[in-house]
Number of protein chains: 2
Amino acid sequence: MHTKLSIIDTLKKHQLSVTDARKNILSLFSESGNALAHANIEKQSSAEFDRVTIYRTLQTFVEKGIIHTIPSSDNSVKYALCKDECAAGHHHDDHIHFICDFCGITYCLDQITVPKIKLPNGFKATQTDLIVSGTCNKCEQ
Amino acid sequence: MHTKLSIIDTLKKHQLSVTDARKNILSLFSESGNALAHANIEKQSSAEFDRVTIYRTLQTFVEKGIIHTIPSSDNSVKYALCKDECAAGHHHDDHIHFICDFCGITYCLDQITVPKIKLPNGFKATQTDLIVSGTCNKCEQ
DNA sequence: ACATCATTGCAACTTTGTTGCAAAATATTT
DNA sequence: AAATATTTTGCAACAAAGTTGCAATGATGT
Ligand SMILES: [Zn+2]
Ligand SMILES: [Zn+2]
Ligand SMILES: [Zn+2]
Ligand SMILES: [Zn+2]
């Protein structure tokens with residue numbers, strides 16, 4: 001069995017020193033539960049941390065396998081917490097993502113895995129992203 | 001049967017006035033055959049057109065169903081020509097996209113359609129994007 | 001508590017994207 | 001073919017997003 005790691009333990013597990021910025025930004029992800037864009041984080045902690053620190057923290061978290069990126073069509077990449085199996089250089093986020101056109105929330109649909117795609121000869125996949133957009137369960141009337 | 005429309009006919013078909021910028025940018029897409037980012041277009045025609053014109057032209061083309069957007073994880077949305085069926089407000093680009101990590105080319109794999117995804121209750125899809133990245137057939141050794 | 005090493009904030013800068021408006025180009029009418 | 005109406009373009013000015021170097025601060029292990 002498996003208990004959820006504390007913020008601090010998560011940082012330590014990935015060999016990161018424990019700083020205010022990292023604790024704070026990581027807890028934003030935990031509390032929100034959904035994906036966040038750089039701009040979201042900046043708004044929620046603007047007085048506390050420099051913009052540059054947020055950029056560098058997100059980059060570090062991606063490299064260490066703490067968060068993963070979610071592509072978008074509007075030049076605003078989002079980030080969401082990885083599952084425990086992800087590690088530096090080895091993400092295992094094979095779930096699909098859902099972006100609600102109304103409320104803007106981006107969900108990791110962990111239960112639904114990305115289907116295997118048969119590519120033309122000579123093409124080799126290292127990663128597959130599947131992003132669905134539409135109306136989420138909170139926004140449907 | 002079905003012959004390929006000329007640049008000018010394509011613009012007219014979508015009720016756009018025929019201008020140098022539009023002809024030029026549309027032919028960049030035709031000639032390249034693959035997807036282009038704003039930055040690519042700006043480099044290939046920087047002296048000729050203002051940056052603002054390129055932004056507005058791409059936006060117009062998307063609205064009119066001439067090109068479609070391809071999401072990305074690095075804040076650089078790409079654009080590629082639609083098939084003939086697309087029209088203003090009604091895109092029908094249900095193919096997957098492939099981004100090569102080596103040469104950077106983004107391909108529309110028109111033969112491969114995006115699979116239907118069964119979503120949790122209350123979620124309704126209006127669009128699905130599937131992006132594979134890896135090594136393309138030109139870059140494999 | 002000290003020394004070492006990593007992280008942060010700041011400043012300065014580059015790149016990317018947006019808006020209003022006058023000038024130029026295109027389309028439409030006469 | 002000229003005149004008019006409509007659209008598009010370039011420019012300027014700006015706002016937002018992202019990058020880099022470096023000194024100061026903070027974290028870690030002994
Ligand atoms: Zn919603
Ligand atoms: Zn996810
Ligand atoms: Zn390639
Ligand atoms: Zn495409």
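Quick note: numbers below take in every heavy atom, side chains included, and nothing from hydrogens, waters or symmetry partners. So that the names make sense, note that chain A is the first sequence line, chain B the second, and so on, each numbered from 1.
- For D:dA17, neither phosphate oxygen OP1 nor OP2 lies less than 4.0 angstrom from any side-chain nitrogen or oxygen of B:N75.
- The CD atom of B:Q15 sits 13 Å away from the P atom of C:dA27 (whole-angstrom rounding).
- Nucleic acid contact for A:E42: none, since no nucleic acid atom lies under 4.0 Å from a heavy atom of the residue.
- No side-chain donor from either of A:S32 and A:N34 sits under 3.5 Å from a side-chain acceptor of the other.
- Across the protein-nucleic acid pair, B:K43 atom NZ and C:dT14 atom C1' stand 14 Å apart, rounded to whole Å.
- Looking at residues 58-66 of chain B, you'll see that no heavy atom sits under 4.0 Å from any atom of DNA chain C.
- For the pair B:T19 and A:Y55, both in contact range of DNA chain D, the more 5′-proximal nearest nucleotide belongs to B:T19.
- Regarding A:R56, its CZ atom lies at a distance of 8 Å from the C1' atom of D:dT20, rounded to whole Å.
- Salt bridge present: A:D110 and A:K83 bring a charged side-chain N and a carboxylate O closer than 4.0 Å.
- Both A:D20 and B:R22 sit near DNA chain D, but only B:R22 has its closest nucleotide nearer the 5' end.
- Aromatic pair A:F98/B:F123: centroids less than 6.0 angstrom apart.
- The CG-P distance, from B:D50 to C:dA25, rounds to 15 Å in whole Å.
- For the residue pair A:T135 and B:K124, no side-chain donor N or O sits within less than 3.5 Å of a side-chain acceptor on the partner.
- Between B:N24 atom CG and D:dT8 atom P the separation is 17 Å, expressed in whole Å.
- In the model, B:S6 has a side-chain atom that pairs as donor or acceptor with a side-chain atom of B:D9 under 3.5 Å.
- Between B:K23 atom NZ and C:dT26 atom C1' the separation is 11 Å, expressed in whole Å.
- Counting heavy atoms from C-beta on, the side chains of A:H38 and A:N40 never come closer than 4.5 Å.
- Spacing between atom NZ of A:K12 and atom P of C:dT7 amounts to 15 Å, rounded to whole angstrom units.
- Mapped onto DNA chain C by nearest heavy atom, B:S17 and B:V52 fall at different nucleotides, with B:V52 at the one closer to the 5' end.
- Per the geometry, CG belonging to A:L11 stands 17 Å off P belonging to C:dA6, to the nearest Å.
- A pairwise comparison of heavy atoms in A:D93 and A:C82 identifies OD2-SG, 3.5 Å as the closest pair.
- You'll find a donor-acceptor pair under 3.5 Å spanning the side chain of B:R51 and the base of C:dG17, going by distance alone.
- Backbone-only engagement by B:A21 is indicated by non-hydrogen atom pairs under 4.0 Å involving sugar-phosphate atoms exclusively.
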